[in-house]
Student: 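Dropping the structure in here first, questions after.
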Amino acid sequence: MASEDDAVKKTMIVDARARNISHNVRCTECGSQSIEDSQADIAILLRKLIRDEIRAGKSDKEIYKKLEDDFGETVLYTPKFDMQTAALWLSPVLIAAAAAGGWAYKKHKQKTNVHIMALDLVRGVSLTPKEKETMLDILTPPPSQGARTPFWWRR
């Protein structure tokens, strides 16, 4: 009885590992589905191959490597990080950093005005908020009539 329980547990472990690996492998025929979700002939064969490799004692890493060697890098959903895929991995970070830098520059530019800073230095006393507002009204050029600024650039 104990040997039957061990065999059932081993089968359940093999099935769980195989499903986990299959969810991370792209179907070469469908392209948009994992081999776990696909019913294409190649997907069925790959699921069987994965189960056979697990039963043979191979690790997940070894199985992924074999699939990548046999079918190419595109068979895996998560590409490895190297010089060729660096732009793919880093582009979200670079875009977010550029957006944050643009936002910070815009906020900094709104808060600092050279003319007001010069008046503060000459007078030796900071301007009151009302004086700052008046100076900004006087020193800010009127918007040009022909060109419209985009809505996201206006204050």
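Counting from 1, the numbers follow the sequence of the chain as shown.
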Student: What is the distance from atom OG of Ser38 to atom CZ of Arg26, rounded to the nearest 0.5 Å?
Tutor: 12.5 Å

Student: Give, for atom CG of Leu76 and atom CD of Glu68, the distance between the pair rounded to the nearest 0.5 Å.
Tutor: 5.0 Å

Student: Supply the members, apart from Val93, of the Ile/Leu/Val/Met/Phe/Trp/Tyr cluster built from side-chain contacts under 4.5 Å; use none for a lone residue.
Tutor: none

Student: Between CD1 of Ile63 and CG of Leu46, what distance do you get to the nearest 0.5 Å?
Tutor: 12.0 Å

Student: Does the side chain of Val75 come within less than 4.5 Å of Ile35's, by heavy atoms?
Tutor: no

Student: May I ask you to test the Lys10-Asp6 pair for a side-chain heavy-atom distance under 4.5 Å?
Tutor: no

Student: Are Ile54 and Ile13 close enough that some pair of their side-chain heavy atoms sits under 4.5 Å apart?
Tutor: no

Student: Within the structure provided, determine whether Glu53 and Ile21 are in side-chain contact (heavy-atom separation under 4.5 Å).
Tutor: no

Student: Minimum heavy-atom separation for Ser22 to Glu36, with atom names?
Tutor: CB-OE1, 3.2 Å

Student: Shortest non-hydrogen contact from Asp37 to His23?
Tutor: OD1-CE1, 4.1 Å

Student: Rounded to the nearest 0.5 Å, how far does CZ of Arg47 lie from CG of Asp52?
Tutor: 13.0 Å

Student: Over all heavy atoms of both residues, which pair between Lys58 and Glu62 is shortest? Give the atoms and the distance, please.
Tutor: CA-OE1, 3.3 Å

Student: Asn24 and Tyr64: which non-hydrogen atoms are nearest, and at how many Å?
Tutor: ND2-OH, 3.0 Å

Student: Does a side-chain heavy-atom distance below 4.5 Å link Arg51 with Arg55?
Tutor: yes

Student: Do Ile42 and Val25 share a hydrophobic cluster, counting only Ile, Leu, Val, Met, Phe, Trp and Tyr and linking them when any side-chain heavy atoms are less than 4.5 Å apart?
Tutor: yes

